[in-house]
Amino acid sequence: MAERVVLAYSGGLDTSVGIGWLKEATGKEVVAMAIDVGQGGEDMEAIRQRALDCGAVESVVIDAKDEFANDYLMPALKTNAMYQKRYPLVSALSRPVIARHLALTAKALGANSVAHGCTGMGNDQVRFEASVAAIAPELTSIAPIRDLALTRDKAIEYAAKHNLPIAQSKKSPYSVDQNVWGRAVETGFLEDPWNAPIEDLYTYTQDPDVFRAPTEVVIKFEAGIPVAIDGVSYTPIQIVEKMNELAGAHGVGRIDIVEDRLVGIKSREIYESPAGIALITAHEELENLTLERDVNRFKKGVEDKWATLVYEGLWFSDLKRSLDVFVDHTQQYVTGEVRLKLQGGRAVVTGRRSEESLYDFDLATYDTGGTFDQSMAKGFIELWALPSKISAKRAQRHNV
Ligand code: ARG
């Protein structure tokens with residue numbers, strides 16, 4: 001039997017042409033695998049069929065929406081994960097789930113390699129290959145677009161010559177990657193970081209500058225996971241979809257950033273992640289109410305490290321898994337409700353409450369009857385400032 005390679009197949013021009021290229025360059029049979037991570041758009045059955053029409057020996061579609069939401073997005077939410085404080089890791093989160101299915105399918109079908117359609121300039125190639133390596137170290141990864149230096153023009157030419165059933169749509173000036181956590185848009189006129197984004201770029205969010213009456217939503221969390229909106233229970237994927245609708249309608253979650261890629265390039269990125277931004281905003285505030293102070297502070301550093309690891313393709317690394325254990329432990333009491341006001345591109349917390357709240361009204365109130373004993377503050381500050389005082393006296397001796 002001929003050797004097999006499992007290709008992560010999107011249905012687009014590059015990976016469609018990639019099927020033939022892989023066959024010609026490696027002599028392997030190509031199994032196409034399309035993964036549904038809530039990217040929307042084309043029907044998955046049409047994509048499955050197209051891979052066969054382009055020469056795949058087998059074509060599989062995997063609905064990974066629930067898995068993606070449960071096992072990837074919820075951990076990211078518990079971690080308030082943002083790369084460079086602003087990017088909720090839209091593409092970075094989808095790569096490990098796709099890579100996992102590539103690797104598992106390859107093993108199940110006796111293939112000895114996997115393939116993806118990434119170029120050599122981005123983070124995604126690293127994420128795919130590092131994830132596959134961590135799951136199935138015996139597999140090799142092939143990247144036809146990168147390794148055979150295939151350009152878009154060559155792809156179009158190849159598709160025409162071999163009569164591949166690919167819609168010759170006009171070339172989009174942008175490179176777009178999307179899933180249920182958001183959209184990433186790059187290239188075209190955006191490559192000049194001085195150029196402002198235009199309305200055309202966005203599909204998950206409405207123009208935040210159009211005036212609309214605000215929408216209020218109450219999100220209920222249990223142990224760090226959102227479980228209901230306005231009293232109606234939902235699964236994680238449903239919560240994310242629902243929040244995309246509600247927050248997207250107010251233009252929440254648009255991000256315009258110059259980003260430091262793993263490969264060393266700075267790139268200008270436009271993202272939209274309405275559910276991501278709204279949910280992280282709500283979750284983080286519930287943590288402010290329920291996490292013990294030092295845990296809350298320390299967790300910020302863990303979040304930053306976690307986001308960088310995931311951005312850099314190390315989802316399946318030992319360190320990231322260890323940080324997950326820490327984060328999970330912190331979420332035990334992150335249960336309660338947050339009220340968000342959605343308007344004008346912003347998700348603003350206007351209320352929070354929890355059975356597990358560490359906010360003590362009697363301690364916090366400035367009214368008479370408060371239980372905080374202010375007389376304790378004086379001595380506390382004496383001791384707190386003691387090291388500074390001693391050091392300052394030495395500095396005085398040295399006349400500084
Ligand atoms: N720069 C972003 C990231 O590394 C987005 C990548 C989007 N991929 C794409 N093919 N447009 O996560």
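Along the sequence shown, residues carry numbers from 1. Note that the coordinates shown come from a computational prediction; the quantities given were computed from them, not determined experimentally.
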Salt-bridge contact [X]-[Y] (side-chain N to carboxylate O under 4.0 Å):
X: E287; Y: K299; answer: yes
X: R50; Y: D53; answer: no
X: E259; Y: R86; answer: no
X: K78; Y: D328; answer: yes
X: K220; Y: D230; answer: no
X: E157; Y: K154; answer: no
X: E303; Y: K305; answer: no
X: R4; Y: E58; answer: yes
X: D304; Y: K300; answer: no

Pair listing, ring pair (Phe, Tyr, Trp, His ring centres under 6.0 Å) test, anchored in [range], at least two apart:
range: residues 350-400; result: F380-W384
range: residues 241-277; result: Y87-Y271
range: residues 190-230; result: F221-H283
range: residues 145-165; result: W21-Y158, Y158-H162

As an exercise, state the distance from [atom1] of [X] to [atom2] of [Y], rounded to the nearest 0.5 Å.
X: I255; Y: I270; atom1: CD1; atom2: CD1; answer: 9.5 Å
X: R352; Y: E285; atom1: CZ; atom2: CD; answer: 4.0 Å
X: Y311; Y: L89; atom1: OH; atom2: CG; answer: 9.0 Å
X: K393; Y: S388; atom1: NZ; atom2: OG; answer: 12.0 Å
X: L279; Y: K242; atom1: CG; atom2: NZ; answer: 13.0 Å

*If the plane angle is over 60° it's perpendicular, under 30° parallel, otherwise tilted; pick one for Y174 and F189.*
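Perpendicular: the ring planes of Y174 and F189 meet at over 60°.
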*Report the relative orientation of the aromatic rings in W306 and W315; use parallel for angles under 30°, tilted for 30 to 60°, perpendicular for over 60°.*
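Because their plane-to-plane angle is over 60°, the rings of W306 and W315 count as perpendicular.
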With a 4.5 Å heavy-atom cut-off, do [X] and [Y] have their side chains touching?
X: L73; Y: P236; answer: no
X: T235; Y: N70; answer: no
X: L22; Y: I142; answer: yes

Is the closest side-chain donor-acceptor distance between [X] and [Y] under 3.5 Å?
X: T203; Y: R183; value: yes
X: E356; Y: T335; value: no
X: R339; Y: T350; value: yes
X: S267; Y: E269; value: yes
X: R146; Y: T119; value: no
X: N288; Y: E284; value: no
X: T290; Y: S354; value: no
X: D153; Y: T151; value: no

*Can you name the one residue among V349, I219, N80 that meets side chain to side chain contact (heavy atoms under 4.5 Å, CB included) with T281?*
V349
Got a donor-acceptor contact below 3.5 angstrom from the [X] side chain to the [Y] backbone?
X: Q331; Y: V334; value: no
X: Q343; Y: R212; value: yes
X: N244; Y: A275; value: yes
X: R95; Y: E129; value: no
X: E272; Y: T205; value: yes
X: N296; Y: F298; value: no
X: T187; Y: S175; value: yes

_If the condition is side chain to side chain contact (heavy atoms under 4.5 Å, CB included), which residues does E312 pass it with, not counting sequence neighbours?_
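Scan of E312 (side chain to side chain contact (heavy atoms under 4.5 Å, CB included), adjacent residues dropped) gives L262, T308.
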*Check G122 against V263 and note the closest heavy-atom contact, atom names and distance.*
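Looking at all heavy atoms of both residues, the closest pair is O-CG1, 3.6 Å.
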*Nearest heavy-atom pair of A159 and V17: which atoms, and what distance?*
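Where A159 meets V17 most closely, the heavy atoms are CB-CG2, 4.0 Å.
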If you count every heavy atom of other residues, nucleotides or ligands that lies below 6.0 Å from [X] atom [atom1], does the total exceed 12?
X: R353; atom1: CZ; value: no
X: Q374; atom1: CD; value: no
X: D192; atom1: CG; value: yes
X: Y333; atom1: OH; value: no
X: E355; atom1: CD; value: no

_Just to verify, what does Y9 make a ring-ring contact (aromatic ring centres under 6.0 Å, His included) with, not counting sequence neighbours?_
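ring-ring contact (aromatic ring centres under 6.0 Å, His included) list for Y9, sorted by chain: empty.
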_Run the side chain to side chain contact (heavy atoms under 4.5 Å, CB included) test on L323 and L309 for me, step by step, so that the C-alpha distance in whole Å, both residues' side-chain angles and the decisive distance to 0.1 Å come before the verdict._
CA-CA 10 Å; L323 298 182; L309 289 169; 3.9 Å; yes
*Answer yes if I265 and V185 sit in the same cluster of Ile, Leu, Val, Met, Phe, Trp and Tyr residues linked by side chain heavy atoms under 4.5 Å apart, and no otherwise.*
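Result: no, two separate clusters.
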_Is it the case that the ring center of W181 lies less than 6.0 angstrom away from the ring center of Y72?_
no
*Walk me through it: do M33 and I62 pass the test side chain to side chain contact (heavy atoms under 4.5 Å, CB included)?*
CA-CA 7 Å; M33 198 190 66; I62 291 172; 3.8 Å; yes
